[in-house]
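If you're wondering where the values come from, they're calculated on a predicted model, not measured in any experiment. The chains referred to below are lettered A, B, ... by the order of the sequence lines, with proteins before strands, and numbering in each begins at 1.
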Protein chains: 2
Amino acid sequence: MTDPLPAPAPVPPPSPQERALALLWGGDTRGSRGPARGLTRERIVEAAIEVVERDGPAAMSLRRVAAQLGVGVASLYTYVPGRAELEALMLDAVAVGPTLPHEWPGDWRAKLTALAHDDWRQLRRHPWVLELGAAEQVPGPNMLRWLDSALRVFDGTGLGEAEKLAAIEAVDAYVRGLGRLRGAGESAAEAAGREGTDADTGADTDTRERDDALGRLVDFDRYPALRRALAAGATPYAGAPFEFGLQRLLDGIEQLVIRRSA
Amino acid sequence: MTDPLPAPAPVPPPSPQERALALLWGGDTRGSRGPARGLTRERIVEAAIEVVERDGPAAMSLRRVAAQLGVGVASLYTYVPGRAELEALMLDAVAVGPTLPHEWPGDWRAKLTALAHDDWRQLRRHPWVLELGAAEQVPGPNMLRWLDSALRVFDGTGLGEAEKLAAIEAVDAYVRGLGRLRGAGESAAEAAGREGTDADTGADTDTRERDDALGRLVDFDRYPALRRALAAGATPYAGAPFEFGLQRLLDGIEQLVIRRSA
DNA sequence: GTTAACTCCGAACGGTATACTGAGTTACGA
DNA sequence: TCGTAACTCAGTATACCGTTCGGAGTTAAC
């Protein structure tokens, strides 16, 4: 009762994470036969982004993407293994602005400030990344290019390598976290309306409406400290002004830089 | 052709946001007739949380929640208007730990550190809040109770009301943002295994696996700064150590406190 | 006792992602 | 040159999803 045939392939099943990685990092392994392809991965990602920006993240579906391209749903599967992987591609596509942090003028603090602002602007322009990217961040080429550039912002400071990385991710975490507290961000129309003004409006109309409804329902006498803050004009859960927390964080990093260069 | 009857009810249609708010803040307006109710809203929320923690956020569905409770799907709609509102209830249910920040010992910095740690622990224990709460944060009773308590942490410092609020939200944003960069957090089994140890493991098994796959695919010569960081032992996109960014942020807030009390 | 309000739920509707199958198209290898 | 293998594409099928509808049973108010 020998068993001459070992298990044919003890290869672990490719996890969705690994599939997304392989997809993001190229590795095109298709032959050359068959009819010419009518689409490209880039066109699909582009169409998907159009759909999600027009109809919102909840309405994003492969069917709509296919319709946008004038193609059957099943056709997409020859270019992209599934929805999750498409989302990873979309995220990487909008991950980075046109220029890179280390190329910007000024010292590290100026660059880091600009980095945060750029991140913030990107997030407000594409609010859906917060809803789409919930699953997990699979690092793609754009993200790594950005991260590499961001690390170089700290060239010349005495910070350790791990500290540089941690500082970048702290700023990134703050920006993204605040974007989430603030809610979905402004509409595309809004963004187009004041393109580039970069204003830090304390609260938009939606949050104002919600606060009104909240004020009608809640007895704020039960929350004295909150009541005081409200009376002073602060607007909770609208997201605090972006700049405040950023400057505090940068102050803290600056303290460390000074300590390290001493 | 007079028109003696004005439009009967110019009441605007209740938005989903307002429905969720009304739901979170009580306002039970049901009559007393009809058969006794077999369920409660609390039981439903509890069951939903069980489902999401067992099967993951993607598998959360009203049908599963109903099955978990041994009732038909449609029955849920007598207690909860829809899925969005149920999610709001779930989020508020796990929003706050057993004790409140202002009751903890120490000065404001000690309390704020504990607040961040508590927030972090809560996030790692219920990672799904990051995926569920994507839509929008509708503040419920627990959240406001927590926020009120958090504001009182700054009692005695010279900070302005808006500054207090902004500081709280900055810390909160940092913690949640880092939770997202890190990925979904640890499994329930993990959490149970080292209950309360609060260790800051740099990277878990999942991220290690992903990094291996990444290393195989990516030519890091194209990312010199990143390569240096990696060589120094840093692990990108695994989330930097939680403590680093937190202490930098707290340092920055401390500077402001000192300035304000001068 | 009648009735109106209420709970519960099976069934159905329109939507989703994905798998499967088959037909049509292309280019390599003999 | 031409058969055939490899490939693209789409229609159909499956298995879910949230939500609605209508009916049957139950209770309190009148």
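- Residue B:Y79 places at least one side-chain N or O closer than 4.0 Å to OP1 or OP2 of C:dC8.
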For this session: Carefully, step by step, assess A:M60 and A:D55 under the rule side-chain contact (heavy atoms from CB on, under 4.5 Å).
Result: CA-CA 7 Å; A:M60 214 287 278; A:D55 305 332; over 6 Å; no
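- Rounded to whole Å, the distance from CD1 on A:I44 to C1' on D:dC9 is 12 Å.
- The pair B:E50-B:R54 fails the salt-bridge criterion, with no side-chain N (NZ, NE, NH1 or NH2) lying under 4.0 Å from an Asp/Glu carboxylate O.
- Residue A:L86 contributes atom CG, which lies 15 Å from atom P of C:dT16 at whole-angstrom precision.
- In this structure, CG of B:L69 is placed 10 Å from P of C:dC9, rounded to the nearest angstrom.
- For A:S61, whose side chain is taken as the heavy atoms from C-beta onward, the closest listed nucleotide among D:dC9, C:dA17, C:dC8 is C:dA17.
- As a whole-Å value, the separation of A:M60 CE from C:dA17 C1' is 11 Å.
- A distance of 7.0 Å separates CG in A:L76 from CG in A:L69, rounded to the nearest 0.5 Å.
- Residues B:R63 and B:R37 each lie close to DNA chain C; by heavy-atom proximity, the contact nearer the 5' end of the strand is made by B:R37.
- Within the 4.0 angstrom heavy-atom criterion, only backbone atoms of the sugar-phosphate kind lie near A:V71; the bases stay farther away.
- In this structure, B:R33 and B:A59 both approach DNA chain D, and ranking their closest nucleotides by distance from the 5' end singles out B:A59.
- When the C1' atom of D:dC17 is taken as reference, atom CD of B:E87 falls 13 Å away, rounded to whole Å.
- Applying the 4.0 Å criterion to OP1 and OP2 of C:dT18, one finds that A:Y77 has a side-chain N or O inside that range.
- When the P atom of D:dC17 is taken as reference, atom CZ of A:R83 falls 15 Å away, rounded to whole Å.
- Mapping A:A74 and A:R64 onto DNA chain C by nearest heavy atom places A:R64 closer to the 5' end of the strand.
- Salt-bridge formation is not detected for the pair B:R222/B:D219: no Lys NZ or Arg NE/NH1/NH2 atom is positioned less than 4.0 Å from an Asp or Glu carboxylate oxygen.
- Within the cation-pi definition used here (under 6.0 Å to the ring centroid, within 45° of the axis), B:R37 qualifies as a partner of B:Y79.
- In this structure, B:L76 atom CG and D:dG18 atom P are separated by 10 Å, rounded to whole Å.
- Taking side-chain N and O atoms only, A:S75 has no distance below 4.0 Å to OP1 or OP2 of D:dT8.
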